[in-house]
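Note: hydrogens, waters and symmetry copies are ignored here, and every other heavy atom, side chains too, is used. First the proteins, then the strands, lettered A, B, ... as listed; each starts at 1.
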Amino acid sequence: MADNLKPVPGLPDKFLKPYDSVGTEDRVYEAWEKSGFFNPDNLKLPSDAKPFSMVLPPPNVTGQLHMGSAMMLAIEDVLTRYKRLRGYRALWLPGTDHAAIATQVVVEKKIQKEEGKSRYDLGREELLRRIGTHVSETHDVIIKQMRKMGASLDWSREAFTLDEPRNLAVRTAFKRMYDDGLIYRGYRVVNWDPKGQTTISDDEIEYETRKTKLYTFKYAAHIPISISTTRPETKLGDTAIAVHPDDPRYQALIGQEFEATFAGEPIKLKVIADQAVEKDFGTGALGVTPAHSMIDWEMAERHHLPLKPVINEYGKMIVGQEGVRDKKTTEAREAVVAWLKENGLLEKEEEIEHNVSLAQRTGGLIEPLPKLQWFVAVNKPFKLKHSSIPGLVAGTETTLKEMMKLAVASGETSIIPDRFQKIYFNWIENLRDWCVSRQIWYGHRVPVWYRGQEVHCDLIAPDGEGWRQDEDTLDTWFSSGLWTFSTLGWPDEAAFEKMRQYHPTTVLETGSDLIFFWVARMILMTTYLLGEVPFRTVYMHGLVRDNKGRKISKSLGNNIDPLDMIAKYGADAVRMSLIVGVGPGSESKIDEQKIKAYKLFANKIWNITRFILTNTADFKKAQSPVIDWRNIENQEAYPSRKIHLAWLQEFESTLQDITTDMENFRFYLAAEKLYHYTWHTLADKILEESKPMFSSNNPLEKAATQDLLLSILTRLTIALHPFMPFITEEIWSALPGNDQSLLMVQHWPE
RNA sequence: GCGCGCUUAGCUCAGUUGGUAGAGCAUCGUCUUGACGUGACGAGGGUCGUAGGUUCGAAUCCUGCAGCGCGCACCA
């Protein structure tokens, strides 16, 4: 017990008490920051030191630290600290993400709740001002939280996805793509979120299985084909009936045209044959609504069918009879069904399960609508200007999709775990043009100006009167896609040149849910703009769930706040609990018991240190001649030599094993081995066996034990540092001869 | 429909290239031994989802099946 402990000469008093994370962590972090070593420019390294670089996946600026981000920070800091100890010019670059839609939605909700005003009441300028204020507050909170985790980020290079340098990068990227014809403006069916009043990309849709009614009916008595639909109200916009080309039932009708009045709306239908129709679904015939279905729109393109919008941005009908027109789609649906019944056209009404599309951010029911939007053409051939990617020759034709595929297929970028590679390829196969314009106000404004029929894309507004800039902003992932190099100075040639050694970045570590949103978009942007990959290795971590395996969500209220855990158990314990046993890409459960176990471990390390320091207080290596105990073979003078050699051998082979794990991204194994060695070998075996040696009156025996245990402790402290930086740094300062140096810049033991 | 993952001790999960199973927590027993009771020592507990195959040998490789989960597509 603490009160039994007597002060030992040479042992700092803090070792007379259990390890105090609260009283240690902030002080240690301050010392690190003051040293400047988070910035690789300040590391004292030979000029040929290899660079290591990694960007922090910028957290949403309005977000709070959650266990997922805590895990991300823990893994990335382990990597960075390890590389720094290995003598790399280690750069871990921080930033925050403006997260366009997400942020605007948060602030809009807040204003709506507090003042009952919508964004339209405030106007663009005022809303942006409000968001700016909100963001600067939340920014400081999240940055502070990252420091609490011990993240050794180079704060001097902190970036924001919406700051001026990043905005220039975005405009530059947009213009280059525009000039190459890879960005175009087109009137196409897009995913419209009526709730958020904006378009969203295919990846921002979530699917939910719901029960709904499938109606089978005829458009009119004289039209001989019945069709099935879950959305009768959209049928006012039908311009064709599609059947499978091989379906014998409808052969004679293909090519025929019919006219009718459907729920008050005149319609004109052509019977077409298309492979996309499934013979066995419903009646085998399908009403084609080019304006309100992505699939139908594609079919309409193939058959040159007219586009007929019948629903507006607010999800209301713009055509139809009384009770349909101006009504919301759900109301209109009932009215149309009633009309079908009245006219004896409804044949069947059955309940089925189907997927509905919801906007990820707002939960709004997606309404496919034709709109004039900006797109990135992923399949359009163009001539690549530069390339360092094998298989991609500068000056030859390629497509963005092809480049994205090759970047990974060539091995220029590898993904850990490698099963994600398949997922990545699968996504690329199904990739369609990327809709990048958004009708929200918070974000990078599309750098295009209009005057009458003139369209002008440039970095700045064109000269002359009457030009009006595009109202839309860009998908937040457009700017995130530039992140690995927009944070290194690009497009400013001189600034980028200075940081050139850090690109491609060595590693990208991120959540597996961002593989499409972010990883793929980064590869797209970087291969196109720089002709190189954004990173050599992608390491993906999985979702962190609660202790019952449920997703962490606000509605469940099951969020464990990492800051509470840090206050209770220390950041080192939180970090360990998020790393040990969590393989790449696999889901994990966060359990307070596990965090507690590593707090106990921290204390164990503390006590090991106390024990060794207490027993070596009279051992002054520097003052006495170095004992070369390995070579003293006189059994009688030094009976423990064999045991000592065995201890040393076991320690060094464990270290080697751990080094191999670290080099191969097996942090979860390295951490576990360190834990196991420290507790069950060093503490349980070696220290127990060393007790009689310490009290031996054979001076050689005693000195050799002291020398060896100090050496093991010193090296073990370094090896533990990437995982548990605070306690190890604190211990380091108490080890003989280290009072002036920082552990974070020592050399990894080999 | 296509693809992927998981299934190991009561619970949560490790097991990196195949050599007859490990950790944490939980349970039980012993120990006021001067680093630590936030501890030590020890015990119980698993036919590694299932059926086959390859192999001298498989939790580990292959195939089928089942349950759970995920991604993509479809969703008229």
Side-chain angles (χ1 to χ4, degrees), chain A residues 1-2 4-6 8 11 15-16 18-19 202-203 207 209-210 212 214-216 226-232 234-235 238 241-243 276-278 281-289 293 295-296 299 352-357 417 419-431 512-513 515-516 542-543 545 547-549 569 577 580-583 585-615 657 660-661 664-666 668-673 675-676 679-680 683-684 687-688 690-691 694-695:
Chain A
M1 296 263 25
N4 290 343
L5 294 168
K6 289 175 194 128
V8 177
L11 181 75
F15 283 99
L16 300 177
Y19 173 61
D202 296 346
D203 299 286
Y207 299 97
T209 307
R210 284 192 191 164
T212 190
L214 180 70
Y215 303 93
T216 301
S226 306
I227 59 139
S228 301
T229 183
T230 54
R231 300 195 59 188
T234 64
K235 301 292 104 182
D238 282 11
I241 299 172
V243 299
V277 181
E278 222 175 284
F281 191 95
T283 61
L286 143 75
V288 183
T289 322
S293 153
I295 297 293
D296 291 7
M299 219 181 279
I352 61 159
E353 282 203 337
H354 84 150
N355 287 339
V356 294
S357 312
R419 63 188 155 88
F420 280 99
Q421 225 147 293
K422 287 184 188 170
I423 296 176
Y424 175 80
F425 288 133
N426 181 260
W427 179 79
I428 291 179
E429 289 305 320
N430 294 310
L431 189 61
S512 52
D513 52 333
I515 186 165
F516 308 137
L543 207 65
R545 294 174 174 271
N547 59 355
K548 293 187 184 99
Y569 304 108
S577 73
V580 174
V582 182
S586 60
E587 286 181 354
S588 60
K589 293 177 189 173
I590 189 66
D591 181 6
E592 194 167 337
Q593 283 303 314
K594 191 175 174 187
I595 304 174
K596 195 178 160 194
Y598 290 105
K599 180 193 164 70
L600 302 187
F601 179 54
N603 196 54
K604 189 74 183 179
I605 300 171
W606 194 247
N607 280 306
I608 289 168
T609 307
R610 176 199 300 167
F611 176 80
I612 294 178
L613 289 183
T614 305
N615 285 289
D657 203 13
T660 309
D661 285 336
N664 292 289
F665 296 92
R666 295 191 294 257
Y668 57 110
L669 286 182
E672 198 176 353
K673 284 170 187 170
Y675 174 90
H676 203 265
W679 202 310
H680 300 299
D684 291 350
L687 293 197
E688 287 307 320
S690 72
K691 283 175 182 173
F694 278 133
S695 50

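- Both distances falling under 3.5 Å, in either a Watson-Crick or a G-U wobble arrangement, place B:C25 opposite B:G10.
- Contacts of A:Y598 with the nucleic acid, taken as non-hydrogen atoms under 4.0 Å apart, are absent.
- Note on A:K673: a base of the nucleic acid sits closer than 4.0 angstrom, heavy atoms only.
- The phosphate of B:C72 (OP1 or OP2) has no side-chain N or O of A:Y424 nearer than 4.0 angstrom.
- At a threshold of 4.0 angstrom between heavy atoms, the contacts of A:I612 with the nucleic acid are absent.
- Figure legend. B:C70 is base-paired to B:G3; pairs are counted as Watson-Crick or G-U wobble with both atom distances under 3.5 Å.
- Taking the six-membered ring for Trp and thresholds of 30 and 60 degrees, A:F15 and A:W606 have nearly parallel ring planes, at less than 30 degrees apart.
- Across all strands, A:T614 comes closer than 4.0 Å to no nucleic acid atom at all (heavy-atom distances).
- Regarding contacts with the backbone of B:A35, a side-chain N or O of A:K691 is found under 4.0 angstrom from either OP1 or OP2.
- In this structure, A:W679 does not reach the B:A23 phosphate: none of its side-chain N or O atoms is under 4.0 Å from OP1 or OP2.
- Across the protein-nucleic acid pair, A:E278 atom CD and B:C74 atom P stand 11 Å apart, rounded to whole Å.
- Going from atom OH of A:Y207 over to atom P of B:G69 covers 20 Å, rounded to whole Å.
- Comparing A:L214 and A:G583 against RNA chain B, the residue whose closest nucleotide sits nearer the 5' end is A:G583.
- Distance check: A:Y569 OH to A:N603 CG gives 14.0 Å after rounding to the nearest 0.5 Å.
- Residue-level contact check: A:L687 touches the bases, meaning some heavy atom is under 4.0 Å from a base atom.
- Put simply, CG on A:L543 is 15 Å from P on B:G69, counting in whole angstrom units.
- Separating the CZ atom of A:F425 from the P atom of B:C72 is a distance of 17 Å, rounded to the nearest angstrom.
- If you check every strand for non-hydrogen atoms under 4.0 Å, A:N603 touches a base.
- The base-pairing partner of B:U63, taking Watson-Crick or G-U wobble contacts with both distances under 3.5 Å, is B:A51.
- Of the C1' atoms belonging to B:G49 and B:U7, the separation is 5 Å, rounded to the nearest Å.
- Spacing between atom CZ of A:R419 and atom P of B:C2 amounts to 21 Å, rounded to whole angstrom units.
- Residue contacts shown for A:V277 include a base, since a base heavy atom lies under 4.0 Å away.
- Taking atom P in both B:A73 and B:U16, one finds a spacing of 34 Å when rounded to whole Å.
- The residue A:I227 sits apart from the nucleic acid: no heavy atom pair falls under 4.0 Å.
- You'll find the side chain of A:H354 stays beyond 4.5 Å of the side chain of A:L214, heavy atoms only.
- Rounding to the nearest 0.5 Å gives a distance of 8.0 Å between OG1 of A:T614 and CZ of A:F611.
- Separating the CG atom in A:D203 from the CG atom in A:L431 is a distance of 7.5 Å, to the nearest 0.5 Å.
- Separation of the P atoms belonging to B:A21 and B:C48 is 11 Å when rounded to the nearest angstrom.
- For B:A40, one of the phosphate oxygens OP1 or OP2 lies less than 4.0 angstrom from a side-chain nitrogen or oxygen of A:K604.
- Residue A:F611 places its side chain closer to B:A35 than to any other of B:A35, B:U16, B:G39.
- Between A:L286 and A:M299 the shortest side-chain heavy-atom distance falls below 4.5 Å.
- Look at the C1' atom in both B:C72 and B:A9: the space between them is 37 Å, to the nearest Å.
- Nucleotides B:G10 and B:G18 have their C1' atoms positioned 30 Å apart, rounded to a whole Å.
- In a base pair of the Watson-Crick type (N1 to N3 plus N6-O4 or O6-N4) or a G-U wobble (N1-O2 and O6-N3), with each distance short of 3.5 Å, B:U32 is matched with no nucleotide.
- Rounded to a whole angstrom, the distance from the P atom of B:U17 to that of B:G5 is 15 Å.
- Side-chain contact check for A:I352 versus A:T212: some heavy-atom pair is nearer than 4.5 Å.
- Using cut-offs of 30° and 60° on the angle between ring planes, the pair A:F601 and A:Y598 is perpendicular.
- Listed pair A:H680 / B:G24 meets the phosphate criterion, a side-chain N or O lying under 4.0 Å from OP1 or OP2.
- Contact check for A:Q421 versus A:F425: side-chain heavy atoms found under the 4.5 Å cut-off.
- Rounded to whole Å, atom P of B:G24 lies 11 Å from atom CG of A:L600.
- Between A:W427 and A:F516, the angle of the ring planes stays under 30°, which puts this pair in the parallel group of the 30/60° scheme.
- Across the P atoms, B:G29 and B:C13 are found 29 Å apart, a figure rounded to whole Å.
- In this structure, A:A683 reaches the bases: a heavy-atom distance under 4.0 Å links it to at least one base atom across the strands shown.
- Between A:R610 atom CZ and B:C36 atom P the separation is 6 Å, expressed in whole Å.
- Ranking B:A14, B:A40, B:C74 by closeness to the A:D684 side chain, first place goes to B:A40.
- Checking A:T609 against A:T229, the closest nucleotide of RNA chain B that is more toward the 5' end is the one next to A:T609.
- Between A:K422 and B:C4 there is a side-chain N or O to OP1 or OP2 distance below 4.0 Å.
- Side-chain proximity of A:F516 to the nucleotides B:G71, B:U16, B:G24 is greatest for B:G71.
- B:C68 sits 26 Å from B:C75 when the P atoms are compared, rounded to a whole Å.
- Across B:C36, B:U16, B:A14, the shortest atom-to-atom separation from the side chain of A:E688 is found for B:C36.
- The CG atom of A:D513 sits 12 Å away from the C1' atom of B:G71 (whole-angstrom rounding).
- With B:G15, B:C74, B:G24 as the choices, the nucleotide that has an atom nearest any side-chain atom of A:Y675 turns out to be B:G24.
- When Watson-Crick and G-U wobble pairs are counted only if both distances are under 3.5 Å, B:U17 pairs with no nucleotide at all.
- Judged by distance alone with a 3.5 Å cut-off, no donor-acceptor contact links the side chain of A:E429 to the base of B:A73.
- With both pairing distances under 3.5 Å, B:G37 is matched to nothing as a Watson-Crick or G-U wobble pair.
- Residue A:T283 is classed as having no contact, given no heavy-atom separation below 4.0 Å to the nucleic acid.
- Residue-level contact check: A:N430 touches the backbone only, with heavy atoms under 4.0 Å from sugar-phosphate atoms and none from bases.
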